Number of protein chains: 2
Amino acid sequence: MSNPFIKKLSRFVVLGDEEVGALEHLSRNPRDFKGGHDLILEGAKPEYVFLLMEGWAYRYKHLKDGSRQILAYLLPGDLCDIHVFLLDEMDNSIGLLCDSKVVMIPAGEVLSVMDQFPKIERALWWATLVDEGTLREWLLNVGQRNAYQKLSHLFCELAVRMKAAGLVDDDGSFSLPVTQIELADTTGLTSVHVNRTLKRLRDEKMITIGSRRLHILDPERLAEVAGFSQEYLHVEGEPVEMKLRTRLGKVG
Amino acid sequence: MSNPFIKKLSRFVVLGDEEVGALEHLSRNPRDFKGGHDLILEGAKPEYVFLLMEGWAYRYKHLKDGSRQILAYLLPGDLCDIHVFLLDEMDNSIGLLCDSKVVMIPAGEVLSVMDQFPKIERALWWATLVDEGTLREWLLNVGQRNAYQKLSHLFCELAVRMKAAGLVDDDGSFSLPVTQIELADTTGLTSVHVNRTLKRLRDEKMITIGSRRLHILDPERLAEVAGFSQEYLHVEGEPVEMKLRTRLGKVG
DNA sequence: CGCAAGTTTGACGCTGCTCAATCACTGTGG
DNA sequence: CCACAGTGATTGAGCAGCGTCAAACTTGCG
C-alpha cells in the first residue's frame, strides 16, 4: 500500500476493493510543486481540495499586524482543506515547506465520491475529528505550556505522525523542513526564544536538530517533559470502525 | 422552531419533515442538571452523546500541573461530544456553567439516525467543520493576540453565537455565566490579568460586565480591537447546502 | 565567490505572572 | 435579621519568562 491517502483512511474504516479503486482514481495524477510556494491564499475562492501525496505543507493565518499563526502541519495522505465545502472563500492559507506532490481534486468530485461511498464519507469525517482533536491539543499547548514544553510536545507529535506515515529513518530521525521562525509561529513564541529553547533541548541531549532534520535522542524524557500521550492522533490499533463494532455491537 | 438543535442543523441543510421528526425524537426528554457539575470527565468511557438544549457548558482539559485549558463553550443546540465515536475514553471533560437541560443520546442511536438520514449525517459533519474553524480562531487568538485583544475577540464571538441562538436581549446584553478564572483558562492568561484587562475594557466604555451578564456597549470598536470577523461561525446567509448547490451546480 | 536566508548570541525591557491582602456578593443557618 | 463562610472580584508590589532590537555568524545555492 504505497498510497498514503488510502493508508490513512484505512486507519478508520475497512475499505473494499471498489472503495480502494475510487480512492486510487481520486489520487491519480499528483502534480509537482516547489517548496516555499503557497497552494492557496486566504480569500481565494476554493475550487479544489488539495491532497498531499508527498512533501510537507502547513496551514496558516495572518493577523493584520503581520503576525502569523501556523494552525497545522500537513503530511502525506492528508487532505489540506476538506472544509472547503463550507466556505465561499478560504479563511486560511496553505503553504508548502518543501518540494511536494499534490493532487488537486475538484470539490464536486469529492462530493460525488462521498455520495457513492458512505464508508469513505464516514472515514473523511473521522479524519476531520482527528484533526479537531489535534487542534485541541495545540490549543492546550499554546495556551498552557511554557516554551520548553511547547516545543517538546510539538516534536513528539510530529514524530508519531511521521512514523505513522512511514517516514522515520531507522536511526529515529526524520525530515523537518521547518525554520525556527516557523516553529515560533506554531507555538506563539518568537524565533529568538525558540532558538534558546532548542539550545537547551540540545544541551540536555534530548534532540539533535539541523539541516532540516530532527533526531529525537531521548523520546521518553521528551514525552515526559511535554506531558505527551499519543492517543489523540489515533494512529494505533485496529480501524475505528472495528473498535466501534465491538463497542456498540453494530456496524457504523 | 423552538428546538435549538433543529434550528442549528437548519443552518447547514434543508431538512424535510421526516428528518425534523427524527431530530425531534432524538432530542425528546432533556434532563435537568445543576450548574457547576460535570457531565463527563476525562478518562470516562463515553456511552452517550450530550446534546445541550438549554444552559451553558464548556469543554476543558487539565495538565498534570493542575493548569486548565478551556477548549470550547457550548450553547443550546450544540452537541457536546460527537467525536465520542472515535474514543475509547474521553480525552476531555465537559462541565456545566449554570443549570441546564441536556439530552443524553445513546451513541448507537446517533449512528443509526445518521445511517437513515444522510442529510443529517452531512449536517453533523458540517457542524463539526464549524467547530474546527472556531478552534482555529481560538488557536490564533491564544497564540498571537495580547490580553486586550484576546478578551475582545472572545466576547465578539460569544455575542454572535448567542445572537444566533436567539439569546441576546433587546438592549444587546446576554447571559455570561463565566468567572474571571474561566476567562483566564480560556485565553491562557491569569485571572489577575483578566481582571485588569476587563477594567480597561470597562474604563474605555466598550463593555459592561457583572452579575453573570455581558453587555457590549460598542460592538464596532470591540470588533476593531479584536480583529474580529464572524464568517467562520457560519451563522448567516442561506444554508450551506444551498450555497453549495449554487456554487457547484449539484446537490451535496 | 557572494548573496540571501536562517541561526546564534547579547543586552535590555515589557507584558503578563506570582503572591498576597482586601473587598463584595450570595446563600446558609441560628 | 444578622453573623458567617465561601466564592469571586479587585488591587498592589515585585518579578520573570519571553519579546525586542541588533549584530555576528553559518549554511546553502546560483
Side-chain angles (χ1 to χ4, degrees), chain A residues 34-37 56 58 63 65-70 95-99 141-152 154 175-203 207-214 225, chain B residues 34-37 56 58 63 65-70 95-99 141-154 175-203 207-215 225:
Chain A
K34 278 277 157 208
H37 291 222
W56 275 75
Y58 69 118
L63 247 41
D65 71 359
S67 64
R68 173 178 71 161
Q69 176 69 45
I70 293 181
L96 293 174
L97 291 164
C98 60
D99 295 353
N141 205 34
V142 171
Q144 302 297 330
R145 290 193 253 254
N146 62 28
Y148 184 54
Q149 300 168 320
K150 282 178 181 180
L151 287 171
S152 301
L154 177 62
S175 160
L176 184 69
V178 159
T179 66
Q180 294 182 2
I181 296 171
E182 279 140 6
L183 291 177
D185 290 345
T186 305
T187 49
L189 302 166
T190 57
S191 65
V192 172
H193 201 69
V194 164
N195 184 282
R196 295 189 165 115
T197 308
L198 288 179
K199 178 170 161 43
R200 178 174 170 197
L201 286 168
R202 251 189 271 108
D203 288 349
I207 63 167
T208 280
I209 190 167
S211 57
R212 316 193 110 210
R213 285 189 82 73
L214 175 67
V225 165
Chain B
K34 279 276 155 208
H37 290 222
W56 275 75
Y58 69 118
L63 248 40
D65 71 359
S67 65
R68 173 178 70 161
Q69 176 68 45
I70 292 180
L96 292 174
L97 291 163
C98 61
D99 296 353
N141 204 34
V142 171
Q144 302 298 329
R145 289 193 253 253
N146 63 28
Y148 184 55
Q149 300 167 320
K150 281 178 182 180
L151 287 170
S152 302
H153 196 275
L154 177 62
S175 159
L176 185 68
V178 159
T179 66
Q180 294 183 2
I181 296 171
E182 279 140 6
L183 291 176
D185 290 345
T186 305
T187 49
L189 302 167
T190 57
S191 65
V192 172
H193 200 67
V194 164
N195 183 284
R196 294 189 167 115
T197 308
L198 289 179
K199 178 168 162 42
R200 179 174 171 198
L201 286 169
R202 251 189 271 111
D203 289 348
I207 64 167
T208 280
I209 190 167
S211 57
R212 316 193 110 208
R213 284 191 84 74
L214 176 67
H215 192 167
V225 165

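As a basis for the values below, the full set of heavy atoms in this structure was taken, side chains included, without hydrogen atoms, waters or symmetry mates. Predicted model only: the values in this text are computed from it and were never measured. Just so we're on the same page: letters track the sequence lines, and every chain starts at 1.
Closest to the side chain of Q180(A), out of dT7(C), dT18(C), dG16(C), is dT7(C). Ranking dT7(C), dG16(C), dT9(C) by closeness to the T179(A) side chain, first place goes to dT7(C).
Among all heavy-atom pairs drawn from R213(B) and S175(B), the shortest one is NH1-N, 3.7 Å. Nearest heavy atoms, H193(A) versus T197(A): O-OG1, 2.7 Å. Contact between L183(B) and L198(B) at its shortest, heavy atoms only, is CD1-CD1, 4.1 Å.
Distance K199(B) NZ to dG16(C) C1': 17 Å, rounded to the nearest Å. Taking atom CG of residue L198(A) and atom P of nucleotide dT7(C), one finds them 9 Å apart after rounding to whole Å. Across the protein-nucleic acid pair, I181(A) atom CD1 and dT8(C) atom P stand 12 Å apart, rounded to whole Å. Rounded to an integer number of Å, the gap from CZ of R196(A) to C1' of dG10(C) is 7 Å. For the pair R145(B) CZ and dG16(C) C1', the computed distance is 18 Å after rounding to whole Å. Regarding L183(A), its CG atom lies at a distance of 12 Å from the C1' atom of dT7(C), rounded to whole Å.
Rounded to the nearest 0.5 Å, atoms OG1 (T187(B)) and CG (N146(B)) are 11.0 Å apart. Atoms CG and OG1, from N141(B) and T186(B) in turn, are 10.0 Å apart once rounded to the nearest 0.5 Å.
Of the residues in residues 184-195 of chain A, those with a non-hydrogen atom less than 4.0 angstrom from any atom of DNA chain C are V192(A), N195(A).
Of the residues R196(A), K150(A), Q180(A), the one that meets the side chain to side chain contact (heavy atoms under 4.5 Å, CB included) test with L189(A) is K150(A). Shown are T208(A), I207(A), V178(A); of these, the side chain to side chain contact (heavy atoms under 4.5 Å, CB included) with L214(A) is made only by I207(A).
Taking the side chain as every heavy atom from C-beta outward, Q149(B) and L63(A) never approach each other to under 4.5 Å.
R212(A) comes within contact range of no nucleotide atom at all, as no heavy-atom separation falls under 4.0 Å.
Interface limits on DNA chain D: the 5'-most and 3'-most nucleotides within less than 4.0 Å of chain B heavy atoms are dG8(D) to dA13(D).
Checking side-chain atoms of D185(A) against main-chain N and O of Q69(A) turns up no donor-acceptor pair under 3.5 Å.
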